[in-house]
Enquirer: 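Sharing a structure here in structure tokens format.
These figures come from a predicted structure and were not determined experimentally.
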Amino acid sequence: LLARGHRTIAFAGMDPDKTSIAKRCEGLRFGLQQHGVRLPERDIHRGVSSEESGREIALGMVSRGDLPTAIVCANDLVAMGVMMQLLENGIRVPAQVSVMGVGNLRFAHALPVALTTVSQSPRDIGAGAFDGALAQMRGSCLAAREVFVEAKIEERQSVSVLPCAP
């Protein structure tokens, strides 16, 4: 997003009870900060991992006239809801607001504007979960651990390049 000129970026679908989503938001905030861009609390929109939640978040942004140039969503379901609500309110995606998801769900490419999303390898996620379960079955007393998997951006049509600032 930064490479495409976006500087006002919001996060949609922050669920503090879901560690993975809280870490996504934290990672976004850290990455932006490394490039001198802030993600203020007011631009972190709480919600759950659903299309309906995405719609509610987008409707709130539209009704307040508080639209960033890009919205990073907690997952593709939230992104679908955000995108559909923006489009229904006459907001052009990505010309006015870019939308990005996480998960690369099967429907991501089939939305009215094909969704740019972060893809994570289900195989790597499953292997990490299996290794942890196997260790527990073998009586390991290891504490819970985080497993990090490589992510890839699946570039489609929902993110625009902004014109150069003067």
Enquirer: So if you build clusters from Ile, Leu, Val, Met, Phe, Trp, Tyr with side-chain heavy-atom gaps below 4.5 Å, do Met83 and Met100 land together?
Expert: no

Enquirer: Nearest heavy-atom pair of Val37 and Arg7: which atoms, and what distance?
Expert: CG1-O, 3.3 Å

Enquirer: Considering non-hydrogen atoms only, spot the tightest contact between Phe11 and Ala74 and give its length.
Expert: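 Closest heavy-atom pair between Phe11 and Ala74: CZ-CA, 3.8 Å.
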
Enquirer: Under 4.5 Å between side-chain heavy atoms, counting indirect links through other Ile/Leu/Val/Met/Phe/Trp/Tyr residues: same cluster for Leu39 and Ile57 or not?
Expert: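 No, no single cluster joins them.
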
Enquirer: Can you check whether Ser49 reaches Leu77 side chain to side chain, under 4.5 Å on heavy atoms?
Expert: no

Enquirer: State whether the number of non-hydrogen atoms from other residues, nucleotides or ligands found under 6.0 Å of Arg38 atom CZ is greater than 12.
Expert: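 Atom CZ in Arg38 is not crowded, with 12 or fewer foreign heavy atoms closer than 6.0 Å.
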
Enquirer: Distance-only, no hydrogens or angles: does the Ser98 side chain make a donor-acceptor pair with backbone N or O of Ala70 under 3.5 Å?
Expert: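 Pair absent, no side-chain N/O of Ser98 close to backbone of Ala70.
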
Enquirer: Once you round to the nearest 0.5 Å, how far does CD of Glu56 lie from OG of Ser50?
Expert: 7.0 Å

Enquirer: Do Met61 and Ile71 have side chains that approach each other closer than 4.5 Å (heavy atoms only, starting at C-beta)?
Expert: yes

Enquirer: Below 4.5 Å, heavy atoms only, C-beta onward: do Asp43 and Pro68 meet side chain to side chain?
Expert: no

Enquirer: For atom CZ of Arg64, is the number of surrounding heavy atoms from other residues, nucleotides or ligands below 6.0 Å larger than 12?
Expert: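 Atom CZ in Arg64 is packed in, count exceeds 12.
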
Enquirer: So how far is it from His45 NE2 to Asp66 CG, rounded to the nearest 0.5 Å?
Expert: 6.0 Å

Enquirer: Looking only at heavy atoms, what is the nearest atom pair of Gly81 and Arg55, with distance?
Expert: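 Scanning both residues completely, I find the closest heavy atoms to be O-CG, 3.4 Å.
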
Enquirer: If you count the non-hydrogen atoms of other residues, nucleotides and ligands that lie under 6.0 Å from CZ in Phe107, is the total more than 12?
Expert: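 Atom CZ in Phe107 is crowded, with more than 12 foreign heavy atoms closer than 6.0 Å.
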
Enquirer: With side-chain contact (heavy atoms from CB on, under 4.5 Å) as the test, would you mind laying out the steps for Ser160 and His6 before giving the verdict?
Expert: CA-CA 9 Å; Ser160 67; His6 294 276; 4.0 Å; yes

Enquirer: With sequence neighbours excluded, tell me which residues meet side-chain hydrogen bond (donor to acceptor under 3.5 Å, both in side chains) with Glu41.
Expert: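 Glu41: side-chain hydrogen bond (donor to acceptor under 3.5 Å, both in side chains) contacts with Arg29.
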
Enquirer: Kindly work out whether a path of hydrophobic side-chain contacts (I/L/V/M/F/W/Y, heavy atoms less than 4.5 Å apart) joins Leu32 to Val118.
Expert: yes

Enquirer: With Val82, which of Leu115, Val99, Val97, Val72 fulfils side chain to side chain contact (heavy atoms under 4.5 Å, CB included)?
Expert: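 Among Leu115, Val99, Val97, Val72, the one that satisfies the side chain to side chain contact (heavy atoms under 4.5 Å, CB included) with Val82 is Val99.
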
Enquirer: With rounding to the nearest 0.5 Å, note down the distance linking CG in Asp76 to CD in Glu51.
Expert: 12.0 Å

Enquirer: Is Pro112 close to Met84 at the side-chain level, that is, under 4.5 Å between some pair of heavy atoms?
Expert: yes

Enquirer: Tell me whether Leu1 is reachable from Ile44 by hopping between hydrophobic residues (I, L, V, M, F, W, Y) whose side-chain heavy atoms are closer than 4.5 Å.
Expert: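 Yes, because Ile44 and Leu1 connect within a single hydrophobic cluster, where side-chain heavy atoms sit under 4.5 Å apart.
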
Enquirer: Under 6.0 Å from the CG atom of Leu2, do we count more than 12 heavy atoms belonging to anything else shown?
Expert: yes

Enquirer: Do Val48 and Ile21 land in one hydrophobic cluster if side-chain heavy atoms of ILVMFWY residues count as linked below 4.5 Å?
Expert: no

Enquirer: Given Gln96 and Leu67, is the side-chain contact (heavy atoms from CB on, under 4.5 Å) satisfied, shown in steps?
Expert: CA-CA 9 Å; Gln96 290 175 279; Leu67 290 172; over 6 Å; no

Enquirer: Any side-chain heavy atom of Met80 within less than 4.5 Å of one from Cys73?
Expert: no

Enquirer: Answer yes or no: is there a side-chain heavy-atom contact under 4.5 Å between Thr116 and Ile153?
Expert: yes

Enquirer: Any chance CD of Glu88 has more than 12 other-residue heavy atoms, nucleotides or ligands included, within less than 6.0 Å?
Expert: yes

